[in-house]
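Read through the structure below, which is laid out as structure tokens, and then see the notes.
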There are 2 protein chains.
Amino acid sequence: MGRPAAGRSVTAKVLALLEAFTPEAQALTLTELARRADVSLPTAHRRAMELVAWGALERGPDSRFRIGLRLWEVASLAPRGLGLREAAMPFMEDLYEVTHENVQLAVRAGLELVFVERISGRDAVPVRTRVGGRFALHATGVGLVLLAHAPVEVQEEMLASPLRGYSAKTTTDPVRLREVLADVRRRGYAVSDGQVTTDALSVAAPIRDANDEVVAAVSLVVRADGAEPAALAPLVRTAARGITRRLASPVG
Amino acid sequence: MGRPAAGRSVTAKVLALLEAFTPEAQALTLTELARRADVSLPTAHRRAMELVAWGALERGPDSRFRIGLRLWEVASLAPRGLGLREAAMPFMEDLYEVTHENVQLAVRAGLELVFVERISGRDAVPVRTRVGGRFALHATGVGLVLLAHAPVEVQEEMLASPLRGYSAKTTTDPVRLREVLADVRRRGYAVSDGQVTTDALSVAAPIRDANDEVVAAVSLVVRADGAEPAALAPLVRTAARGITRRLASPVG
DNA sequence: GGAATCCTTTCACCCATTGAAAACGTGCCT
DNA sequence: AGGCACGTTTTCAATGGGTGAAAGGATTCC
């Protein structure tokens, strides 16, 4: 064929098609899809039609493609997604009911975190996180917990890379961050005071699996002014322990 | 090649690999995966490795495959999954807080329904439904709402097929079901009294999109004895209307 | 040690996949 | 209306990623 031809595997192309969808682009025309996935238009068309036939994608009356319900169903079987959520929800509900603040659940994915669940009160501080969304590890409460208990290699890689600042209060100094992480491990919870947006403060605690490995973190996000991290910590830690216990014995 | 060779497309095989995972089989060995997806072992191996490399699957220390977090992230963009959930959660929280019973959110997928969200109280009636799980349309409260407002073809197809009974109280007579559906449309809510398990009763109401089409349903599931469907209905309907309003104006 | 089970790699054949190009719609502007 | 612009769908011959059989590793269990 005239051109060097990508030579990507079919599977890679199919995955690229799925990857083309982002929170900002949840509905794509065929042309957009092809361009974003970097495949030729006919190829995009053929693969996309197959994905639609199966239900991985859906096509609306506007002829735009969207992620399909069927894919969502299968994906909901992800152990770090649903299994965790299932165990955590009752405790998150309790936290929400007592405080009426934002309650978040996250896991680590490389050098970032992924929000697995979120309960946000109607009059709680607005947080701009999304279930399924990613965020850096060094700024949020949940992120600090996950980073503090991550394998050493991960921590070092994080400390070696430039730390992006989200607000004036974000910890961007590696030396300081190292201290913070040690604190988190010692105290058993993390506090992020205005490090994402200056008006929000979060308190987070680690959730462990049956092998005592930290696999997730829960947090409470409240308005920064007048917040008492020390008072919130026991609440969050108790919830985290409850979830940990539930993970150890999935039945009861 | 000895055998006629399936001739299935690569995409179909990849999707078959994903489809191999079910709520009962969330972790599969390569051999199991190959058998369930009906592909040869080497093929399963190659495709699965690619899926792992991308993050669609994960492979544990036990060398078993599981659905990966990355796939879950992408799938969370499904409009009927996350978008809906996002709009509905606050209202579902309200329902939960007031009643402390199970709150469910579901959409229709063909002749079945898919649960998109669920809040289950710790001391509420145990329900054996799962987020991401499917169920028949003719038994549950949400199902009756979705069926009552489904296109006529769907209703007729459902009424023409044998209606499975889940408990002694399940409506299995098409004639009776037709009446029930008319009732649901007239009253604006559905009641399923012990039709799934005899000890549970659910009250459900329709959620509409901007075009006034019913796209989902919320329900409250309570203990059957002593339940007052007529008293619960306004609560559920109010929540449903709230969600409908939110769907119409995603911002506010 | 030996057997059973599961996983991984190799190899030569070949069919599903591919891009260019052309046909098909559909809405918009003149 | 005509004609133009844009996005979508189909055709076709060439080909390279995909394929299963079979051999080679790696564990675990008796």
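Here is the naming used below: chain letters follow the sequence lines, and residue numbers restart at 1 for every chain.
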Exercise. Rounded to the Å, how far apart are B:Leu17 CG and D:dG18 P?
Worked result: 13 Å
For this session: Just jot down the side chain to side chain donor-acceptor pair (under 3.5 Å) partners of B:Arg108, sequence neighbours excluded, or say none.
Result: none
Problem set entry | Which atom of A:Ser76 lies closest to which atom of B:Gly132, heavy atoms considered | OG-CA, 3.7 Å
Problem set entry | Near-strand residues of residues 52-71 of chain B, defined as heavy-atom separation under 4.0 angstrom from DNA chain D | none
Exercise. Roughly, in whole Å, what's the span from CZ in B:Arg8 to C1' in C:dT17?
Worked result: 17 Å
Filtered N/O pairs between nucleotides 26-30 of chain D and protein, under 3.5 Å:
none

Taking distance alone, no hydrogens or angles, what donor-acceptor pairs closer than 3.5 Å link side-chain atoms of residues 136-151 of chain A to residues at least two apart or in another chain?
residue: A:His138; atom: NE2; partner: A:Arg164; partner atom: O; Å: 2.6
residue: A:Thr140; atom: OG1; partner: A:Gly143; partner atom: N; Å: 2.9
residue: A:His149; atom: ND1; partner: A:Val145; partner atom: O; Å: 3.0

Exercise. Between C:dC7 and B:His45, is there an OP1 or OP2 to side-chain N/O distance shorter than 4.0 Å?
Worked result: no
Exercise. Hey, does the side chain of B:Lys13 come within less than 4.0 Å of D:dT19's phosphate (OP1/OP2), counting only N and O?
Worked result: yes
Which donor-acceptor pairs under 3.5 Å do the side chains of residues 81-91 of chain B make with protein atoms, sequence neighbours left out?
residue: B:Arg85; atom: NE; partner: B:Glu117; partner atom: OE2; Å: 2.6
residue: B:Arg85; atom: NH2; partner: A:Glu117; partner atom: OE1; Å: 2.1
residue: B:Arg85; atom: NH2; partner: A:Glu117; partner atom: OE2; Å: 3.3
residue: B:Arg85; atom: NH2; partner: B:Glu117; partner atom: OE2; Å: 3.4
residue: B:Glu86; atom: OE2; partner: A:Arg118; partner atom: NH2; Å: 3.4

Exercise. Of the non-hydrogen atoms in A:Leu17 and A:Ala37, which two are nearest, and what is the gap between them?
Worked result: CD2-CB, 3.7 Å
Seminar exercise, completed: Taking for A:Met49 and for A:Ser9 the nucleotide of DNA chain D with the nearest heavy atom, the one nearer the 5' end belongs to A:Met49
For this session: Please list, chain by chain and in numerical order, all residues satisfying side chain to side chain donor-acceptor pair (under 3.5 Å) with A:Glu112, sequence neighbours excluded.
Result: A:Arg134
Exercise. Can you name the ring pair (Phe, Tyr, Trp, His ring centres under 6.0 Å) partners of A:Phe115, sequence neighbours left out?
Worked result: none
Exercise. Can you find a pair of side-chain heavy atoms, one from B:Met49 and one from B:Arg59, that are under 4.5 Å apart?
Worked result: yes
Exercise. If you find the nucleotide of DNA chain D closest to B:Ser40 and the one closest to A:Arg46, which residue's nucleotide is nearer the 5' end?
Worked result: A:Arg46
Problem set entry | Qualifying residues under salt bridge (charged side-chain N to carboxylate O under 4.0 Å, His left out), relative to A:Arg128, sequence neighbours excluded | none
Seminar exercise, completed: Here DNA chain C, pairs taken as Watson-Crick or G-U under 3.5 Å and shown with ( ), [ ] when crossing and | when to another strand, reads ||||||.|||||||||||||||.|||||||
For this session: Say whether, by atom type as modelled, one donor and one acceptor occur between the side chain of A:Arg237 and the main chain of A:Tyr189 under 3.5 angstrom.
Result: no
For this session: Could you check which residues of residues 29-36 of chain A get a heavy atom under 4.0 Å from DNA chain D? Sort them by number, please.
Result: A:Thr29, A:Leu30, A:Thr31
Problem set entry | d(CD, A:Glu50; C1', C:dT17) in whole Å | 10 Å
Problem set entry | Pair listing, salt bridge (charged side-chain N to carboxylate O under 4.0 Å, His left out) test, anchored in residues 138-159 of chain A, at least two apart | A:Glu156-A:Arg178
Exercise. Closer than 4.0 Å, any side-chain N/O of A:Thr43 to the OP1 or OP2 of C:dG19?
Worked result: yes
Seminar exercise, completed: In whole angstroms, the gap separating P of D:dG18 from CG of B:Leu41 amounts to 18 Å
Problem set entry | Under the side chain to side chain donor-acceptor pair (under 3.5 Å) test, residues paired with B:Asn211 that sit two or more places apart | none
Exercise. With a cut-off of under 6.0 Å to the ring centre and 45° to the axis, is B:Arg80 in cation-pi contact with A:Trp72?
Worked result: no
